[in-house]
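Not measured: the values here are computed from a predicted model. Numbers restart at 1 for each chain; the letters A, B, ... are given by sequence-line order, proteins then strands.
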Amino acid sequence: MDREPTVFESRVYEALCRVPAGKVVTYKTLGHAVGCASGQAIGNAMRRNPFAPEVPCHRVIPATLMLGGFMGDVIGEKIERKRKLLAKEGVKFDEAGKLLDEGCLLADVPLD
DNA sequence: CACCTGACATAAT
DNA sequence: AATTATGCCAGGT
C-alpha cells in the first residue's frame with residue numbers, strides 16, 4: 001500500500017536523519033525529539049513506508065535495546081539484515097538481539 | 001466520527 | 001524475573 005509520508009512521519013524522519021551513523025536512538029528518544037510521548041506512534045511512522053536505508057530507520061531500537069523491528073517485521077531475515085547493517089556501522093548486537101555497546105545509544109537527538 | 005491496530009513504554013501483579 | 005494491564009499517539013478502516 002503506497003502512500004506518501006504524512007506530516008508527522010516526515011517530522012520523525014527528519015529527526016531520525018540527525019542520528020549519525022554508528023549511533024542508535026530509542027523510539028522514546030526520537031519521540032521526544034519530535035514532541036511525541038508515544039513510541040508507538042514513532043514505530044508506526046517507521047513501519048509505514050520509508051523503511052529501507054534511505055531513512056536510517058534501522059538506527060531506531062526499543063528502550064529494551066533489542067533489535068526491535070525492521071521493514072515491517074519484528075523477526076525474520078529483515079531483522080538479520082538490520083543487525084548486519086548496524087554492525088557495519090559499528091553498532092554490535094549479541095545473538096539475543098541485545099545492544100552490546102550502550103555507548104552507541106544517543107541520549108538525545110542532536111539538532112542540525 | 002468511533003473503533004481498531006501497532007517496529008513502544010511503564011507500572012502493577 | 002516474567003507476564004499482564006494501562007497509557008500514548010497517529011494512521012487506517
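- For A/Met66 and C/dA2, the CE to C1' distance is 14 Å, given to the nearest whole Å.
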For this session: For the pair A/Arg11 and A/Glu14, evaluate salt bridge (Lys or Arg N to Asp or Glu O under 4.0 Å) and give the outcome as yes or no after the intermediate values.
Result: CA-CA 5 Å; A/Arg11 198 178 164 77; A/Glu14 187 175 23; over 6 Å; no

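- Nearest to the side chain of A/Lys28, among C/dG11, B/dA7, B/dT10, sits B/dT10.
- Atom CZ of A/Arg48 is separated from atom P of C/dA10 by 14 Å (rounded to the nearest Å).
- Here B/dC8 presents its P atom at 11 Å from CZ of A/Arg47, a figure rounded to the nearest Å.
- Each of A/Leu85, A/Leu16, A/Leu67, A/Val24 was checked for a side chain to side chain contact (heavy atoms under 4.5 Å, CB included) with A/His58, and the lone residue meeting it is A/Leu85.
- If you take CG of A/Leu67 and P of B/dC8, they are 12 Å apart, rounded to a whole angstrom.
- A donor-acceptor pair under 3.5 Å is formed between the side chain of A/Arg83 and the backbone N or O of A/Asp94.
- Listed here is the closest heavy atom pair of A/Val25 and A/Leu105: CA-CD1, 3.8 Å.
- Regarding A/Asp73, its CG atom lies at a distance of 12 Å from the P atom of B/dG6, rounded to whole Å.
- Rounded to whole angstrom, the span from the NZ atom of A/Lys82 across to the C1' atom of B/dA7 amounts to 7 Å.
- Rounded to whole Å, the distance from CG on A/Leu30 to P on B/dA9 is 11 Å.
- Side chain of A/Lys82 to main chain of A/Gly69: a donor-acceptor pair is present (N/O by atom type, distance under 3.5 Å, no hydrogens or angles).
- Annotation: A/Lys92, atom NZ; neighbour count of heavy atoms from other residues, nucleotides and ligands within 6.0 Å does not exceed 12.
- If you measure from atom CZ of A/Arg11 to atom P of C/dG11, you get 12 Å, rounded to the nearest angstrom.
- The base of B/dA7 is paired with the side chain of A/Tyr27 by a donor and an acceptor separated by under 3.5 Å.
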Seminar exercise, completed: Quick tally for nucleotides 4-9 of chain C: nucleotides whose base has a protein heavy atom under 4.0 Å get B, sugar-phosphate-only ones S, the rest -, giving ----BB

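- By the 6.0 Å contact criterion, CD1 on A/Ile75 is open, its count of non-hydrogen atoms from other residues, nucleotides or ligands being 12 or less.
- Residue A/Cys57 places its side chain closer to B/dA7 than to any other of B/dA7, B/dA9, C/dG11.
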